[in-house]
**Student:** 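So that we are looking at the same thing, I have put the structure below in C-alpha cells.
Chain A is the first sequence line, chain B the second, and so forth, proteins listed ahead of strands; every chain is numbered from 1. The structure displayed is predicted, hence computed values, not measured ones.
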Number of protein chains: 2
Amino acid sequence: MELTLKIRMNEKLFLRNPEETELGREIIRQSIILIHKSGLEAFTFKKLAKAIGTTEAGVYRYFENKHRLLVYIVSWYWSWLEYKISVHTNNMKDPEVRLKKIIQILGTPVKDDVDTKHVDERLLYEIVTWEGAKVYLTRHVSTDNKLRFFKPYKDLCARVAGVILECNPSYRYSRSLASTLVEMAHQQNFFMRNLPSLTDFGNSKDEGKMIVFLEHFVFASLSASEKKQSKKTP
Amino acid sequence: MELTLKIRMNEKLFLRNPEETELGREIIRQSIILIHKSGLEAFTFKKLAKAIGTTEAGVYRYFENKHRLLVYIVSWYWSWLEYKISVHTNNMKDPEVRLKKIIQILGTPVKDDVDTKHVDERLLYEIVTWEGAKVYLTRHVSTDNKLRFFKPYKDLCARVAGVILECNPSYRYSRSLASTLVEMAHQQNFFMRNLPSLTDFGNSKDEGKMIVFLEHFVFASLSASEKKQSKKTP
DNA sequence: AAATATTTAATAGTATTACTATCATTCATA
DNA sequence: TATGAATGATAGTAATACTATTAAATATTT
C-alpha cells in the first residue's frame with residue numbers, strides 16, 4: 001500500500017496551486033533543492049525556471065514572488081513536522097514522555113522520509129534552520145499574519161505549549177517556552193555547526209548533546225515553576 | 001564634561017573607516033534611520049546616498065555592500081551593549097544579582113542614550129531584533145566568521161556565559177544558555193509585538209513580563225542543574 | 001466539424017538593484 | 001606650488017524582479 005501525505009496549504013500563498021500540476025510540483029521540488037544548495041539570496045526564479053526547463057513567467061504564474069514561495073515551503077515543513085509529532089506521540093499517555101519525544105524530534109535533523117514523493121524533508125530541515133526566521137522577519141509580518149501565513153508554525157507551537165501545560169498546569173509561560181524551544185532546536189543546531197563557540201557542543205556535531213540541553217532547560221523551567229512561583233507573584 | 005564613546009570596529013568590515021570623516025558618520029547615521037524605517041530589504045545604497053546628499057559611488061567607497069554595512073551596524077550594537085553591561089554590573093559582587101541585571105538590560109528596549117552623537121541606540125535595538133539574525137544567516141557565515149565579524153556578538157555571549165558559570169560553576173551549558181538568553185531577549189520581544197500568540201505576554205507590550213520569563217528560565221536551569229546532574233550523567 | 005472561448009506557454013520588455021569605472025574638483029598638507 | 005586624499009558627477013553593466021504581449025494548445029459550444 002502506498003500512502004501519500006497531502007498537506008492542505010493556505011490558498012493565499014500561491015496564485016495557482018502547485019500541488020495540482022506536474023509543473024507546480026516540479027517548482028516545489030526544485031526550489032527546495034536550489035535554496036538548499038545556494039541559499040535564499042542566490043535563489044532566483046530565473047535560475048529555478050532554467051533548472052526545471054520552463055520560463056520565468058511560468059514560475060510567476062504559480063507564485064507572486066520568491067518570498068511567498070519560501071513561506072510556502074517553510075509552512076509546509078511546519079505542518080509536516082506537526083503531523084510527524086502527532087503520529088509519534090499520539091499513543092503516549094505520560095505528558096513528560098511525550099514532551100521528551102517532541103524535543104527529540106525537534107532536535108534531530110531529519111534523516112529521511114518516505115511520506116511524500118516530491119518533497120525532500122532532509123533538505124527542508126536545513127532550509128528551515130537557515131532561512132526559516134526570514135519568513136517572519138519582514139516589514140509585512142502583520143499583513144502576512146492576517147493572511148494566516150504563520151498558522152502552521154503557530155499550530156505547532158500551540159501543540160507544544162499544550163503538552164507543556166499538561167506536564168505542569170500551573171506553569172505560566174507555556175507559549176513562550178514552546179516558541180523558545182522550537183526556535184532553539186534549530187538555532188543551537190545552526191550555531192553548533194557554524195559558530196560552535198556559542199554552544200557547549202563543540203564541533204562534535206552531535207545533536208544528542210543538544211537534545212540533552214533542550215530537555216534540561218525545558219524540564220528545569222517546568223519543575224522550578226511550582227517552587228518559585230510564590231516568590232515572583234506580587 | 002562630554003564623553004564620547006568610541007568603539008573600535010573590525011577593519012575588514014569597511015573599505016574606508018566611516019568614523020573618520022563627516023560623510024562616513026552620515027552614512028552610519030542615515031543607514032540606521034533608513035533601515036529602521038523601511039527594513040533591510042527596501043534599503044539600498046542609492047536611497048541612502050540620496051538621503052545624505054551624496055552619490056551611490058560615494059557610499060561604495062566606504063562599504064563593499066549593504067550586508068557589510070549591516071554587519072557593521074549590528075556589531076557596533078553588540079559592542080555597545082557589552083560595554084553598557086560592563087558599566088552597569090562592574091560593581092556588583094553577587095553573580096546572581098549581576099545576571100539579573102544583565103537580563104534586565106537585554107530585555108529592555110533601549111530608551112535613549114547619550115553616549116554617542118551620531119548613533120541612535122534606540123533605533124539600533126529595533127534593527128537588531130528585526131535584522132540581527134540575517135547577519136549570520138548567510139551562506140558565507142564561515143568566511144565571515146574567519147574574518148572575525150561575529151567577535152562582538154561572541155564576546156557578549158561569552159561574558160554572559162561567564163556570569164552564568166559564576167552563579168553555578170557546575171552548570172554544563174553556560175554557553176548555549178547564554179546565546180539562548182541573548183537571542184530570546186530579542187526574539188520574544190519581536191513575537192510579543194508582532195506574533196503575540198507565540199508568547200504569554202499578550203499585546204501588553206510590557207517587557208516586564210518577558211524579563212520575568214527570561215529570569216525564570218535562566219535561574220530554573222541553573223538551580224535544577226545541581227539536582228538533576230547526577231541523573232543525566234551516565 | 002467549425003467557431004469560439006479559455007487556458008497555458010514563450011517572447012520580449014521595463015524598472016530597479018548592485019555594483020564598477022572614469023574623470024574632474026575641492027581642500028588640506030609638504 | 002606640487003601632491004595627494006576625499007569627494008562629486010556621470011556613465012555604464014549585469015543581474016534581478018517583475019509585466020505585458022503575443023502565440024499555441026485545449027476545451028467547449030453550436
**Student:** Pick the nucleotide of DNA chain D nearest each of B:Leu23 and B:Thr55; which residue has the one closer to the 5' end?
**Tutor:** B:Leu23
**Student:** Can you sort out the partners of A:Lys151 under side chain to side chain contact (heavy atoms under 4.5 Å, CB included), two or more places apart, ordered by chain and number?
**Tutor:**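 Partners of A:Lys151 by the side chain to side chain contact (heavy atoms under 4.5 Å, CB included) criterion, ordered by chain and then number, come out as A:Arg148, A:Asp155.
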**Student:** May I ask you to say what B:Phe63 touches in the nucleic acid, namely base, sugar-phosphate or nothing, with a heavy-atom cut-off under 4.0 Å?
**Tutor:**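 It contacts nothing in the nucleic acid.
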**Student:** Can you list, pair by pair, the side-chain donor-acceptor contacts under 3.5 Å of residues 175-185 of chain B, counting residues two or more places apart and other chains?
**Tutor:**
{"unit_1": "B:Arg175", "atom_1": "NE", "unit_2": "A:Thr199", "atom_2": "O", "d": "3.3"}
{"unit_1": "B:Ser176", "atom_1": "OG", "unit_2": "A:Gln188", "atom_2": "OE1", "d": "2.8"}
{"unit_1": "B:Ser176", "atom_1": "OG", "unit_2": "A:Asp200", "atom_2": "N", "d": "3.2"}
{"unit_1": "B:Ser176", "atom_1": "OG", "unit_2": "A:Asp200", "atom_2": "OD2", "d": "3.4"}
{"unit_1": "B:Ser179", "atom_1": "OG", "unit_2": "A:Gln188", "atom_2": "NE2", "d": "3.1"}
{"unit_1": "B:Ser179", "atom_1": "OG", "unit_2": "A:Leu198", "atom_2": "O", "d": "2.9"}
{"unit_1": "B:Ser179", "atom_1": "OG", "unit_2": "B:Arg175", "atom_2": "O", "d": "3.3"}
{"unit_1": "B:Ser179", "atom_1": "OG", "unit_2": "B:Ser176", "atom_2": "O", "d": "3.2"}
{"unit_1": "B:Thr180", "atom_1": "OG1", "unit_2": "A:Gln188", "atom_2": "NE2", "d": "3.3"}
{"unit_1": "B:Thr180", "atom_1": "OG1", "unit_2": "B:Ser176", "atom_2": "O", "d": "2.7"}
{"unit_1": "B:Glu183", "atom_1": "OE1", "unit_2": "A:Gln187", "atom_2": "NE2", "d": "3.1"}
{"unit_1": "B:Glu183", "atom_1": "OE1", "unit_2": "B:Tyr136", "atom_2": "OH", "d": "3.3"}
{"unit_1": "B:Glu183", "atom_1": "OE2", "unit_2": "B:Tyr136", "atom_2": "OH", "d": "3.2"}
{"unit_1": "B:Glu183", "atom_1": "OE2", "unit_2": "B:Tyr153", "atom_2": "OH", "d": "2.4"}

**Student:** Can you tell me if A:Asn194 uses its side chain to pair, donor with acceptor, with the backbone of B:Ser142 under 3.5 Å?
**Tutor:** no
**Student:** What's the OH-C1' distance between A:Tyr62 and D:dC18, to the nearest Å?
**Tutor:** 18 Å
**Student:** Enumerate the residues from residues 131-138 of chain A whose closest heavy atom to DNA chain D is under 4.0 Å, giving them by residue number; use none for an empty result.
**Tutor:** none
**Student:** Is the centre of the A:Trp130 ring less than 6.0 Å from the centre of the B:His140 ring?
**Tutor:** no
**Student:** Going by the rule salt bridge (Lys or Arg N to Asp or Glu O under 4.0 Å), which residues pair with B:Arg16 if we only count those two or more places apart in sequence or in a different chain?
**Tutor:** none
**Student:** Please list, chain by chain and in numerical order, all residues satisfying side chain to side chain donor-acceptor pair (under 3.5 Å) with A:Lys50, sequence neighbours excluded.
**Tutor:**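 So A:Lys50 forms no side chain to side chain donor-acceptor pair (under 3.5 Å) with any residue.
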**Student:** If the condition is side chain to side chain contact (heavy atoms under 4.5 Å, CB included), which residues does B:Glu41 pass it with, not counting sequence neighbours?
**Tutor:**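 In terms of side chain to side chain contact (heavy atoms under 4.5 Å, CB included), with neighbours along the sequence ignored, B:Glu41 is linked to B:Glu131, B:Lys134.
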**Student:** Please list all pairs meeting salt bridge (Lys or Arg N to Asp or Glu O under 4.0 Å) that have one or both residues in residues 53-66 of chain B, counting only residues at least two apart or in different chains.
**Tutor:**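 The answer is B:Glu64-B:Arg68.
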**Student:** Among all residues two or more places apart in sequence or in another chain, which pass the side chain to side chain contact (heavy atoms under 4.5 Å, CB included) test with B:Asn145?
**Tutor:**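 Partners of B:Asn145 by the side chain to side chain contact (heavy atoms under 4.5 Å, CB included) criterion, ordered by chain and then number, come out as A:Leu195, B:Phe150, B:Lys154.
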**Student:** Under the rule for salt bridge (Lys or Arg N to Asp or Glu O under 4.0 Å), what residues qualify as partners of A:Glu11, not counting sequence neighbours?
**Tutor:**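 With sequence neighbours excluded, A:Glu11 shows a salt bridge (Lys or Arg N to Asp or Glu O under 4.0 Å) to no residue whatsoever.
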**Student:** Report yes if a side-chain nitrogen or oxygen of A:Thr54 is closer than 4.0 Å to either non-bridging phosphate oxygen (OP1 or OP2) of C:dA9; otherwise report no.
**Tutor:**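 The answer is no; no side-chain N or O of A:Thr54 sits under 4.0 Å from OP1 or OP2.
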**Student:** Between atom NE2 in A:His67 and atom P in D:dC18, what is the gap in whole Å?
**Tutor:**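 The distance from NE2 of A:His67 to P of D:dC18 comes to 12 Å, rounded to the nearest Å.
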**Student:** Return a single string for nucleotides 14-30 of chain C, one symbol per nucleotide in 5' to 3' order, where B is base contact, S is sugar-phosphate-only contact and - is none, cutoff 4.0 angstrom on heavy atoms.
**Tutor:** ---SBBBB---------
**Student:** For residues 11-20 of chain B, which residues have at least one heavy atom under 4.0 Å from DNA chain D?
**Tutor:**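 Those residues whose heavy atoms fall under 4.0 Å from DNA chain D, taken from residues 11-20 of chain B in numerical order, are B:Arg16.
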**Student:** State which residues pass side chain to side chain contact (heavy atoms under 4.5 Å, CB included) with A:His36; sequence neighbours excluded, sorted by chain then number.
**Tutor:** A:Leu123, A:Glu126, A:Ile127
**Student:** Using atom CG of A:Leu48 as one end and atom P of D:dA15 as the other, report the distance to the nearest whole Å.
**Tutor:**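 Atom-to-atom, A:Leu48 to D:dA15, this comes out as 18 Å.
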